[in-house]
Amino acid sequence: MSDTAPPLALSGSKDLLARAARVDATLAYSGYVLQRDRLVDGEYPVFAERASGAYVWDVDGNKYLDFILAYGTIILGHADPVVSEAVGKEIREGFAVTLRKRVQVELAELLTSVVPGAERVFLLKSGSDATSAAVRVSRAHTGRQRVIRWGYNGWHDWCANRPGGVPEEAQQVVGTFTYNDLDSLRAEFEAHPGEIACLLMMPFEVEPPAEGFLQTAADLAHEHGALFVLDEMRSGFRMSLGGAQEKYGVAADLVTFSKAIANGYPISALVGTERVMRTVGEVHIGSTFHVNGAEMAAAVATITQLRDTPVLKHVEVLGEQFQEGLRAQVAASVLDAEVVGVPQMPFLRFTHPDEDLRARVQDAFYTETVRRGVLLHPNHHWYVCGAMTEEDIRKALDATAAGFRAAEAAVRRG
Ligand SMILES: Cc1ncc(COP(=O)(O)O)c(C=O)c1O
């Protein structure tokens, strides 16, 4: 007897998608925006009505336990009341004025007190703002042009992961390497002696760094006269208060943050040592909205809670419980799969060598989990947030157990 869940009612999402297709380029040209995130066609909701804590309700009234969490911008939980109150106060008082708001100084003081090595702060809006600012500062600081980068660092010319619309010259001055492979990194430095302005990288994506890898990478950058820049957009304010620098005991010249820093509000930060950040005065970096106090108030309210409560420990423990449960399910299953990622950002990777079969297994698994009200991303690591409870993790594991059964049935069907 099959115990698969019935399909979700998604007509509201589908109607809105049809309307969007006529006017909204982000959704109409779904070749990139939607297929990049290819969840499971026709099975996942597209439009949300509201979100609270660990849960999201779609426009059809379906409720989901959310492990996508707006790609990691949510660390406390959706619509966190303390953050909402702080933002509401700024909004009521007028948050978009030419004069600076007091909260800008408060946020800079807070960031320099919790981020290792941070002596100066430059506030921006998006992640790409911050990584591009880091590259510009590095180039001006060293008088060099070339960049070595690793991971997803944004969409600007120097790091777009599709070549369309990007001048060749912009691509030619950026190199990359294989993660956790020091020889490939060394080769990139040695191929361009005296030309590298910075090594800018995520500290990890799914695989954690090998012992000593980040420190050796930083040392290599410095030996070659380059700056070492950590892109902590995902790890920052999720792994630990001091981010990957604190977790792995490595020091960067510049660090970029966004996402969890303000529990969903659009703000990013470039932070670094005074010696390097002083170069900000020699370059053009700007944003009309960078004076807005509402997002800064959100960041202060978020970071203060992360600092003063055990929420990050809670996130780590829940992530460990989730990974442990998933590992037991993988061990009991005939499917080729592995549990990867750090506890705060876990992931289940299907590894069957046959691509078609792997795709069918994946679709069956994620169809079942979303139908059971758990939002998991098939192609991107997941996120755990502070509003989740042990009961939520049990619920998620019940859904993934059913997902394994559905995927095994798909294999049996051949
Ligand atoms: C590690 C990392 N760096 C940079 C970015 C770019 O941020 P944004 O999309 O806000 O420009 C992202 C976005 O996902 C990211 O994950």
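We count ligands from 1, going down the list as the structure has it; atoms in each ligand are counted the same way. The figures here come from the full heavy-atom set of this structure, side chains too, leaving out hydrogens, waters and symmetry mates.
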Got more than 12 heavy atoms from elsewhere within 6.0 Å of NZ, K125? yes
Would you find more than 12 non-hydrogen atoms of other residues, nucleotides or ligands less than 6.0 Å from E93 atom CD? yes
Nearest 0.5 Å, please: how far is CD in Q104 from CG in N292? 10.5 Å
Please give the N or O to N or O pairs under 3.5 Å between ligand 1 and the protein, distances rounded to 0.1 Å.
from, atom 1, to, atom 2, distance (Å)
ligand 1, 3 (N), Y152, O, 3.1
ligand 1, 3 (N), D231, OD1, 3.3
ligand 1, 3 (N), D231, OD2, 2.7
ligand 1, 10 (O), G127, N, 2.9
ligand 1, 11 (O), S128, N, 2.7
ligand 1, 11 (O), S128, OG, 2.6
ligand 1, 14 (O), K259, NZ, 3.0
ligand 1, 16 (O), R234, NE, 2.8
ligand 1, 16 (O), R234, NH2, 3.3

Just to verify, what does H314 make a ring pair (Phe, Tyr, Trp, His ring centres under 6.0 Å) with, not counting sequence neighbours? none
Quick one: is the NZ or CZ of K63 closer than 6.0 Å to the six-membered ring centre of Y55, and within 45° of its axis? yes
Examine distances only and state if a side-chain atom of S13 and a backbone atom of P45 form a donor-acceptor pair shorter than 3.5 Å. no
